[in-house]
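Structure first, then comments.
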Amino acid sequence: MKKEKKIVEFPNLKQRLLEKAMQTMKEKKFSEALELFEQARENEYAYAEVELGMVVCYMELGQLTEARNRCKKMLREDIGDYFHVLQIYITILIQLKEYDEVKTTIEAILEEDKLPAQYAQNFYQLLEFARKMLPSDENAEQFEPDYGQATDDLDELNMLHDGPIQKQYELLQSLKHRNIRPLIPDIQKYLEDELKHPVLKTFLLHILKEQGWDKETEVIKMGQRITIVPTELNSGEEDPFLNKVISILEDTVESDNPSLFEGLKEMLVRIHTVQFPLPFTPDKPEVWAAGLHSAGVGLFGLEASDEEIAAEYNVSALEVKSVTREINKLEDFSYLRL
């Protein structure tokens with residue numbers, strides 16, 4: 001009687017297969033990449049990354065209906081980062097000219113009041129585009145700004161200072177396309193109002209930077225007062241401190257757990273949106289990398305103590321606990337309740 005041959009997998013075979021699929025996709029060999037993703041899927045490795053990779057390949061190969069269906073399944077089953085997948089899903093719907101579905105989907109998300117700040121602007125722009133592509137819609141008024149014509153400056157200023165947060169956000173977005181200099185006194189008042197949402201202040205500072213405002217400006221955020229010159233501010237991509245934190249996470253997390261690494265980067269972007277332009281304290285990127293790792297462990301259902309994480313980053317457990325608390329506080333502020 002013949003003995004069954006035991007199949008022995010090479011070490012890290014599944015991970016190398018996924019890496020090869022990702023690299024092949026970057027080289028725009030989408031048919032070949034799709035085959036590799038399918039093999040990785042059969043091996044049940046990094047399911048969310050594999051599914052998303054397949055969606056992108058189907059998009060690039062022009063198989064938009066298949067890409068849409070797979071994306072919708074990911075959303076329904078909560079596979080991967082929900083809002084990242086949602087952005088791709090909306091992009092596919094627009095390519096398919098399914099504008100009514102775009103409108104319905106985004107309006108439903110806005111009603112849920114859990115839209116992360118970094119996605120808000122993009123979703124509002126996509127919603128506006130979808131509406132323009134549709135016949136007149138009587139229901140659109142539910143989400144349309146109602147602060148009146150641009151000539152009614154008094155109503156606009158009242159809305160900026162006293163209106164609900166959604167109207168404040170909509171008004172701030174409208175300022176991107178207008179000369180903000182006549183409104184500088186009210187903008188300064190807004191930035192010094194401790195009760196105004198820190199993320200909306202960040203949006204406003206970026207508008208000032210984009211429009212070349214080079215005067216000293218006072219900002220009060222998270223109980224701190226800071227004087228800045230908007231044109232001299234670094235964006236997140238330009239911030240050397242953030243890039244150092246990401247570099248440390250790359251060295252420590254990415255190879256062992258790519259999904260965790262991507263999640264921690266997104267968390268860093270969110271808390272930076274809240275914190276901007278305040279510096280991160282303590283000014284130790286290793287501590288913030290460790291704190292992000294600690295905060296992310298719970299979100300991803302992993303197990304690691306603060307002591308273990310502290311040792312991995314060569315910092316103290318006390319520093320990790322302190323920064324993790326700060327990260328959790330900033331995370332709470334990162335969601336606009338629109």
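By convention here, the first residue in the shown sequence is residue 1.
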Original post:
Mind checking what makes side-chain hydrogen bond (donor to acceptor under 3.5 Å, both in side chains) contact with Asn328, not counting sequence neighbours?
Top reply: none

**OP:** Return each pair, listed once, that meets salt bridge (charged side-chain N to carboxylate O under 4.0 Å, His left out) where at least one residue sits in residues 48-58; pairs must be two or more places apart or across chains.
**Re:** Arg41-Glu51, Glu51-Arg70

Subject >> Min side-chain heavy-atom separation Leu292-Thr324 under 4.5 Å >> reply: no

Original post:
Given the rule in the side-chain contact (heavy atoms from CB on, under 4.5 Å) test, do Leu204 and Tyr190 qualify, once you have shown the distances and angles that lead to the verdict?
Top reply: CA-CA 9 Å; Leu204 191 47; Tyr190 189 94; 3.7 Å; yes

Subject >> Interatomic spacing from OG1 in Thr65 to CD1 in Ile92 - rounded to 0.5 Å >> reply: 9.5 Å

**OP:** Identify the two heavy atoms, one from Asn234 and one from Pro240, that lie closest to each other, and give their separation to 0.1 Å.
**Re:** ND2-CD, 4.1 Å

Original post:
Do side-chain atoms of Ser247 reach the backbone of Asn243 as a donor and acceptor pair under 3.5 angstrom?
Top reply: no

Original post:
Which value, rounded to the nearest 0.5 Å, describes the distance between Leu268 atom CG and Ile327 atom CD1?
Top reply: 8.5 Å

Original post:
Partners of Lys196 by side-chain hydrogen bond (donor to acceptor under 3.5 Å, both in side chains), sequence neighbours excluded?
Top reply: Asp193

Name the atoms and distances for all side-chain donor-acceptor pairs under 3.5 Å in residues 216-224, with sequence neighbours left out.
from: Thr217; atom 1: OG1; to: Trp213; atom 2: NE1; distance (Å): 3.4
from: Thr217; atom 1: OG1; to: Lys215; atom 2: O; distance (Å): 3.0
from: Glu218; atom 1: OE1; to: Arg225; atom 2: NH1; distance (Å): 3.4
from: Glu218; atom 1: OE1; to: Thr227; atom 2: OG1; distance (Å): 3.4
from: Glu218; atom 1: OE2; to: Thr227; atom 2: OG1; distance (Å): 2.6
from: Lys221; atom 1: NZ; to: Pro198; atom 2: O; distance (Å): 2.9
from: Lys221; atom 1: NZ; to: Thr202; atom 2: OG1; distance (Å): 2.5
from: Lys221; atom 1: NZ; to: Val274; atom 2: O; distance (Å): 2.9
from: Lys221; atom 1: NZ; to: Phe276; atom 2: O; distance (Å): 2.3

Original post:
Under 3.5 Å, side chain of Ser322 to main-chain N/O of Leu318, donor-acceptor pair present?
Top reply: no

Original post:
Which pairs pass side chain to side chain donor-acceptor pair (under 3.5 Å) with one or both residues in residues 26-36, sequence neighbours excluded?
Top reply: Gln23-Glu27, Glu27-Lys29

Subject >> Smallest separation among heavy atoms of Ile106 and Leu127, with atom names >> reply: CD1-N, 3.7 Å

Original post:
From Lys189 NZ over to Ile184 CD1, what is the distance, rounded to the nearest 0.5 angstrom?
Top reply: 15.0 Å

Original post:
Side-chain contact, heavy-atom cut-off 4.5 Å: Pro230 with Asp214?
Top reply: no

Subject >> Minimum-distance pair of heavy atoms, taken over all atoms of Pro277 and Ile226 >> reply: O-CD1, 3.9 Å

**OP:** Can you run down the salt bridge (charged side-chain N to carboxylate O under 4.0 Å, His left out) pairs that involve residues 289-303, sequence neighbours left out, and say none if there aren't any?
**Re:** none

Original post:
Do Asp256 and Phe261 come within less than 4.5 Å of each other through their side chains, counting heavy atoms only?
Top reply: no

**OP:** Decide yes or no for Leu34 and Glu38: does some side-chain heavy atom of the first lie under 4.5 Å from some side-chain heavy atom of the second?
**Re:** yes

Subject >> Leu191 side, atom CG; Leu200 side, atom CG - distance, nearest 0.5 Å >> reply: 10.5 Å

Subject >> OG-CG distance between Ser259 and Asp81, expressed to the nearest 0.5 angstrom >> reply: 10.5 Å

Subject >> Counterpart residues, side-chain hydrogen bond (donor to acceptor under 3.5 Å, both in side chains), relative to Thr104 (two or more places apart) >> reply: none

Original post:
Is it the case that one hydrophobic cluster holds both Ile180 and Val229, taking links as side-chain heavy atoms less than 4.5 Å apart, direct or via other members?
Top reply: no

Subject >> Separation of Glu210 CD from Leu208 CG (nearest 0.5 Å) >> reply: 9.5 Å

Result block: side-chain N/O donor-acceptor pairs under 3.5 angstrom for residues 281-288, not counting sequence neighbours:
from: Lys284; atom 1: NZ; to: Glu319; atom 2: OE2; distance (Å): 2.6
from: Trp288; atom 1: NE1; to: Pro282; atom 2: O; distance (Å): 2.9

**OP:** Decide side-chain contact (heavy atoms from CB on, under 4.5 Å) for Gln95 and Arg68; before the verdict, give the C-alpha distance in whole Å, the side-chain angles of both, and the deciding distance to 0.1 Å.
**Re:** CA-CA 10 Å; Gln95 291 184 45; Arg68 178 197 62 194; over 6 Å; no

**OP:** Specify the closest pair of heavy atoms between Leu36 and Ala21, including all atoms of both residues, with the distance to one decimal.
**Re:** CB-CB, 3.6 Å

**OP:** Take Glu101 and Leu93, measure what side-chain contact (heavy atoms from CB on, under 4.5 Å) needs, and give me the verdict at the end.
**Re:** CA-CA 7 Å; Glu101 181 65 18; Leu93 292 177; 3.5 Å; yes

Subject >> His84 atom NE2, over 12 foreign heavy atoms within 6.0 Å >> reply: no

Original post:
What's the shortest heavy-atom distance between Ala304 and Val297, and which atoms?
Top reply: N-CG1, 3.9 Å

Original post:
Is atom CG of Asn314 surrounded by more than 12 heavy atoms (other residues, nucleotides or ligands) closer than 6.0 Å?
Top reply: no

Subject >> Transitive ILVMFWY side-chain link Val269 to Leu264, under 4.5 Å >> reply: no

Original post:
Should the pair Phe280 and Phe241 be assigned to parallel (<30°), tilted (30 to 60°) or perpendicular (>60°) ring geometry?
Top reply: parallel

Subject >> Side-chain (Gln39) to main-chain (Leu17) donor-acceptor, under 3.5 angstrom >> reply: no

Subject >> Heavy atoms from other residues, nucleotides or ligands near CE of Met25 exceed 12 (cutoff 6.0 Å) >> reply: yes

Original post:
Do Gln173 and Phe203 touch side chain to side chain, with heavy atoms closer than 4.5 Å?
Top reply: yes

Original post:
Looking at side-chain heavy atoms only, is the closest gap between Tyr58 and Leu64 below 4.5 Å?
Top reply: no

Subject >> Selection residues 85-110 - residue pairs positive for ring-ring contact (aromatic ring centres under 6.0 Å, His included), sequence neighbours left out >> reply: Tyr99-Phe129

Subject >> side chain to side chain donor-acceptor pair (under 3.5 Å) contacts in which one or both residues fall within residues 268-277, not counting sequence neighbours >> reply: Arg270-Glu331

Original post:
Are side-chain heavy atoms of Thr105 and Leu86 found at a separation under 4.5 Å?
Top reply: yes

Original post:
Would you call Phe83 and Glu266 a side-chain contact if the rule is heavy atoms closer than 4.5 Å?
Top reply: no

**OP:** Give a yes or no on whether the backbone of Phe30 and the side-chain of Glu60 come within a donor-acceptor separation of less than 3.5 Å.
**Re:** no

Original post:
How would you list, by chain and number, every residue that makes a ring-ring contact (aromatic ring centres under 6.0 Å, His included) with Tyr313, sequence neighbours excluded?
Top reply: His293

**OP:** Could you go through the salt bridge (Lys or Arg N to Asp or Glu O under 4.0 Å) check for Arg16 and Glu19 one step at a time?
**Re:** CA-CA 5 Å; Arg16 292 207 302 274; Glu19 289 171 354; over 6 Å; no

**OP:** State, to 0.1 Å, how close Ala317 and Ala310 come at their nearest heavy-atom pair, and which atoms those are.
**Re:** N-CB, 3.6 Å

**OP:** Take Glu107 and Arg131 through the salt bridge (Lys or Arg N to Asp or Glu O under 4.0 Å) test and state the conclusion after the steps.
**Re:** CA-CA 11 Å; Glu107 288 181 346; Arg131 285 179 179 155; 3.2 Å; yes

**OP:** Identify, with sequence neighbours excluded, every residue that meets side-chain hydrogen bond (donor to acceptor under 3.5 Å, both in side chains) alongside Asp306.
**Re:** Ser294, Lys321

